[in-house]
Amino acid sequence: MIKKIVLFTLFLFNVQVNAQNQISIQYEYAHNLMKTRQYFDAITEFKRTLFFDIDKQYSYSANYSIGECYKAGAMLDNAIQYFSIAQYNARTDDEKISAQLEIIKTNILRRTTERAHQILNEIEKISSINKDSVNYWRGWAFIFNDEWKEAANSFAKINPNHELKKLAEQVDMDKVSVTFAKVISYILPGSGQIYSGSILPGLISLGWNLLSGYWTVSAFNESRVFDGSVLLGLIWLRFYRGNIQNAGDFAVQKNNEISNKALRYLQHEYKGNRP
Amino acid sequence: MTAQSDWVKWDAKEISYEIHSPTHHDYTIDKSSFGLRILSYARNAYYYFISDVDGDNCPFFPSCSAFFIQSVKESNIFRASLMFTDRFIRDMNLFKNNNRYSLHATKKYIDPINNYLLEEKRIILTTGEFIE
Amino acid sequence: MNNYFSNHFLNSINFYQTKVLAIILFLLPFSTILFSQTMNIDENYFSPKNRLAFGNFLFIQEDYLRAIEEYKNYLMYIDNDTVRFKYAESFYRIGKYNEAADNFKSIFYGSLLSDEAKLAFYKASFFNGSYNSFRDICKMEGYQSEKYAKDINRLFLISHLMDESILPDTNHFLKAFPDSTKNKVRELYMMKKFPSKKNPTTAMLLSMFIPGAGKIYTGEISDGITALLTTGVLAYLAANNFKHEHNFRGWLFAGLAVFSYAGTVYGSYASAQIYNAGVRLNFDNEVKLYFEKRNYLLPKINFLKTND
């Protein structure tokens, strides 16, 4: 608030009588609010800029900035809406492409990666486009859809030794196979969990299956058919079925942990361009 | 173009890149009383040794074991046992349907303990599907 | 503004700076006026006139929170009933009914919009959460509007369908509604007066005689049958084990059967309560939907309509 008052005061006292200047000062004022992370107020002032901008000088940049503010406030639907307006008002190809790239990046963050791919495919056809940039964001779109192998392929097209190519490849290699975990659990209960690195739960699962299997078999051996059926239906089958389901769950969980470790790195440590 | 999202002032917010996998069980120990603490340990042991490895059997949210702990907390062990038994019998009903229960985001039937405390004012009814 | 100044600035800035800032802030309103006079008024975006123009634009865009700021700044310099009304209406539209009601109240007296403000005030009070206090306000002297008396009275009557208050007499109630809505309103009134509820005690007693019958009574047929079968099977297993002198198992199953029986009786009572809560929820939704669709049978305010 203090910042706002000071900015506003400075703004008022610096006003030039020139209308041309007036609108650019208003735009600068809005921009300063954005720079100081006061996004809500920045949007108000960008909207004011647009409202008084009779010559439509800022139809592109103010709408683009509103999109950026909404993106910073995690309001991605609104962000895309304003980037689209900016794209519509773009005066040059460069402006149009940068608005489209923002739409792509916001779609990646929103995890509507299919839409991101669709736009990437469209802009790839433009001759002036930087193909590396298309492949770069395509890679990110794959990452956000948890498709690390495809991501690695995209980054490799930029440079076979691309940092993100190596990272995506490593993640893909570290991941376990959910189907394999389930299949081996059919054969030996608990083995799927052990394969995914959850040794104790795997052993517990194996233990329950052995124990309930033993109870069931001995009940039938002693001709206690009712007991045997109850044990089979309510205990053994439950643990056997549960074991397969859990082997899958554990594998998925393990894979999520691997992905998340890489995603955390990308979010907090990676120095390159991020969506 | 509506501006409904701006009807309340908002601040900058970072979007996490991470994948949010739903955690199946809440292992928190309830320290509000000695009995509840013991019960929480028992529930955790049950989660770890049985519930985690016998598959996803409970169709309700909260699960039967969490329902029991919550009922003990809200009433007493005797009433909680009655509530749990009633829940268990409803669990055995093979013809449960969406008319009676709303679906939780985890695709489980929402069945909060509030509806079984015999206080009509506390009953929570949800309509529609996929409530977080 | 001076208040704000003393609260926040004095702690952090020394006295000299404070004085300079005080002068700046004091001059701020004048500077706006000065600018408006020395240059073309349309070029100062923060002049009252431009504030209003921008505010109206935001209002049309349904960007009400931002519109409120613009109207507020405008009203600091120029008093205008229409703007006051829009200011209050903006609060109303973002669901801040308290602020809306307070601001509508400020146009009650000596204004051409007095009647409209009163109507809007009652509307805001209606949605404020407590129908009881809404009805109290309806009875207050000095707030009455002759022009919209019938509409406000209707709102007063509708409020009785929204909570657990005592319903007014049928004829008196229905008289206030136009013929086109009378049938439906009568139906809603009757549903409120004679709700099709299930008695929890009856449900409980039924399940005491036949386990699960109470649940069937409340419409949970499959739950009722499951309860009957479970209790029956457990009781049979107990009896059968006692018969074959498997006493431990006999007692085990007997215990489970007792639990199953008691749980079902308990659950039947709860089931009736849930049924009743469902009836109430459905009724509330139906009433809300019906009147919302018809804007609570209130007239639209003309000068706002042009901007919609």
Side-chain angles (χ1 to χ4, degrees), chain A residues 1-30 33 38-55 58 62-63 66 69-70 73 75 78 81-82 85 219 224 226-227 229-231 233-234, chain C residues 1 4-5 7-13 17-18 20-47 49-61 63 65-70 73 233 236-237 240-241 244 246 249 253:
Chain A
M1 189 66 195
I2 296 171
K3 272 184 199 160
K4 254 175 75 184
I5 291 174
V6 173
L7 275 169
F8 181 58
T9 315
L10 286 176
F11 158 75
L12 265 188
F13 282 88
N14 281 313
V15 158
Q16 304 284 313
V17 195
N18 188 320
Q20 195 71 18
N21 245 341
Q22 173 93 349
I23 194 80
S24 65
I25 291 168
Q26 170 62 25
Y27 178 75
E28 276 310 308
Y29 171 48
L33 286 171
Q38 300 172 70
Y39 298 112
F40 186 90
D41 296 323
I43 290 176
T44 313
E45 297 314 323
F46 280 123
K47 283 192 169 186
R48 200 190 304 276
T49 312
L50 287 166
F51 182 69
F52 289 107
D53 180 20
I54 302 152
D55 300 331
Y58 293 97
N63 278 310
I66 293 177
C69 290
Y70 275 125
M75 295 160 122
N78 293 23
Q81 216 167 23
Y82 277 92
I85 301 174
R224 289 184 284 122
F226 177 77
D227 290 7
S229 317
V230 169
L231 285 166
L234 292 185
Chain C
M1 195 154 275
Y4 179 86
F5 182 70
N7 285 344
H8 291 76
F9 276 28
L10 280 178
N11 303 332
S12 55
I13 312 172
Q17 282 174 316
T18 317
V20 173
L21 271 166
I23 292 164
I24 292 173
L25 285 172
F26 178 69
L27 286 175
L28 207 80
F30 295 104
S31 68
T32 320
I33 296 161
L34 268 177
F35 274 117
S36 333
Q37 282 167 355
T38 53
M39 59 189 250
N40 183 351
I41 193 163
D42 290 330
E43 282 167 15
N44 177 8
Y45 306 148
F46 293 87
S47 70
K49 187 187 163 198
N50 281 336
R51 287 264 194 196
L52 178 61
F54 183 49
N56 281 339
F57 165 76
L58 293 169
F59 187 89
I60 295 164
Q61 294 236 309
D63 202 345
L65 192 61
R66 290 195 174 93
I68 285 170
E69 268 310 297
E70 300 308 310
N73 274 289
V233 168
Y236 166 77
L237 284 173
N240 201 31
N241 275 297
H244 292 94
H246 296 306
R249 284 197 199 178
F253 285 119

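So that the names make sense, note that chain A is the first sequence line, chain B the second, and so on, each numbered from 1. In this text the structure is predicted, and so the values were computed from the model without any measurement.
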Expected output: side-chain R66(C) to main-chain F40(A) donor-acceptor under 3.5 Å: yes
Taking NZ, NE, NH1 and NH2 as the nitrogens, is one of them in D227(A) or R249(C) under 4.0 Å from a carboxylate oxygen of the other? yes
Atom OH of Y45(C) and atom CD1 of I23(A): how far apart are they, to the nearest 0.5 Å? 3.5 Å
Does F51(A) reach the side chain of L58(C), with side-chain heavy atoms less than 4.5 Å apart? no
Which heavy atom of N44(C) sits nearest to which heavy atom of Q22(A), and what is that distance? CA-NE2, 3.3 Å
Would you say that L237(C) contacts F226(A) through its side chain, given a criterion of any heavy-atom pair below 4.5 Å between the two side chains? yes
With under 30° as parallel and over 60° as perpendicular, where do the rings of F54(C) and F52(A) fit, or are they tilted in between? tilted
If we only count heavy atoms from C-beta on, is the R48(A) to F57(C) side-chain gap below 4.5 Å? no
